[in-house]
Amino acid sequence: MRTIHIDQIVKTIEQLCIDANYYINDDIMEELNKALKTEQSQIGVDIIQNLIKNALMAKERKIAICQDTGMAVVFMDVGQDVHIVGGNLIDSINEGVRKGYENGYLRKSVVGDPIERVNTKDNTPAVIHFNIIEGDRIKISVAPKGFGSENMSSIKMLKPSDGIEGIKKFIIDTIDIAGPNPCPPIIVGVGIGGTMEKAAILAKKALLRPINKRNDLNHIKEIENDVLKKINMLGIGPSGLGGRITALAVNIEVFSTHIAGLPVAVNISCHATRHADATI
Ligand code: SF4
């Protein structure tokens with residue numbers, strides 16, 4: 001049994017909130033640079049160049065990549081041999097988010113009650129997903145999620161008979177309807193299987209995978225590649241102003257499901273698909 005004090009959790013989450021909002025991960029920067037060569041519209045190329053410039057400027061000046069610094073989504077894999085001391089784990093996660101958004105000068109975008117809509121003024125509470133793993137470490141991923149793209153996400157309970165073609169159609173239709181709203185070029189996270197909520201969590205998790213890494217399962221990899229190709233034939237293009245590069249990647253995660261169902265969730269994210277990880 002290893003003991004971890006909540007102070008270490010607070011400090012780690014504070015830093016991850018700041019890092020995720022200041023720095024775009026290398027895999028996305030690489031794909032943006034590649035997209036400069038494949039985009040056929042001049043305005044599309046200009047927009048991608050501006051996105052790259054913006055990311056480099058944010059890194060150099062240590063400022064947020066985008067004004068929408070997102071709602072903090074925290075994935076926490078907790079080793080079953082960890083003993084947390086010093087206070088409540090959920091409170092410590094929210095304290096880390098509070099400090100990160102305050103000390104990193106990040107916009108506070110969370111309202112406490114979805115109907116009354118009063119800003120909590122510290123970007124809490126975070127959306128937290130726990131997972132119990134083997135070992136005596138805690139792996140933390142902080143993924144601030146902007147809502148321009150979150151709002152265009154969708155979930156559908158398909159019939160098993162809809163099959164692969166039904167899955168592809170639902171993903172492509174979702175992106176087509178989203179049009180310019182999620183600030184393309186986008187990254188598409190897809191969850192297939194499980195129950196309704198499991199599919200949605202899988203779709204969110206899919207966004208954490210490096211965008212240059214395809215699913216290990218060949219039949220899923222084929223769907224990822226085919227759907228990406230078809231999305232980029234829609235003509236939406238960077239910022240929705242026309243062009244080939246509407247999406248940089250389609251990441252799909254799957255889970256077992258019921259004989260009577262085929263849940264599919266599509267979680268759209270913009271080029272600022274932010275996430276920072278640490279293991280303590
Ligand atoms: S969708 Fe992304 S780039 Fe657009 S406003 Fe939201 S966080 Fe910013």
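Whatever order the structure lists ligands and atoms in, that order sets their numbers, starting from 1.
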Exercise. Asn251 and Arg214: side-chain donor and acceptor closer than 3.5 Å?
Worked result: yes

Problem set entry | Test item: side-chain donor near acceptor, Asn218 and Glu222, under 3.5 Å | no

Exercise. Quick check: does Cys270 put an N/O/S atom under 2.8 Å from atom 2 (Fe) of ligand 1?
Worked result: yes

Problem set entry | atom 6 (Fe) of ligand 1 - nearest protein heavy atom and its distance | Asp68 OD2, 3.8 Å

Seminar exercise, completed: Residue, atom and distance of the protein heavy atom nearest atom 4 (Fe) of ligand 1 read Cys183 SG, 2.3 Å

Exercise. Can you tell me which residue and heavy atom of the protein come closest to atom 7 (S) of ligand 1, and the distance to 0.1 Å?
Worked result: Arg274 NH2, 3.4 Å

Seminar exercise, completed: Under 4.0 Å from one or more heavy atoms of Gln67, ligand 1 contributes atoms 5 (S)

Exercise. Side chains of Glu224 and Asn215: is there a donor and an acceptor less than 3.5 Å apart?
Worked result: no

Seminar exercise, completed: The atoms of ligand 1 lying under 4.0 Å from a heavy atom of Pro182, numbered in the order shown, are 1 (S)

Exercise. Rounded to the nearest 0.5 Å, how far does OG of Ser239 lie from CG of Leu51?
Worked result: 6.5 Å

Problem set entry | Side-chain donor/acceptor of Thr279 to backbone N/O of Lys139, under 3.5 Å | no

Problem set entry | Passing candidate, side-chain contact (heavy atoms from CB on, under 4.5 Å) with Ile252, options Ile220, Val227, Val264, Ile167 | Ile220

For this session: Indicate if the distance from atom 8 (Fe) of ligand 1 to the nearest N, O or S atom of Cys66 falls below 2.8 Å.
Result: yes

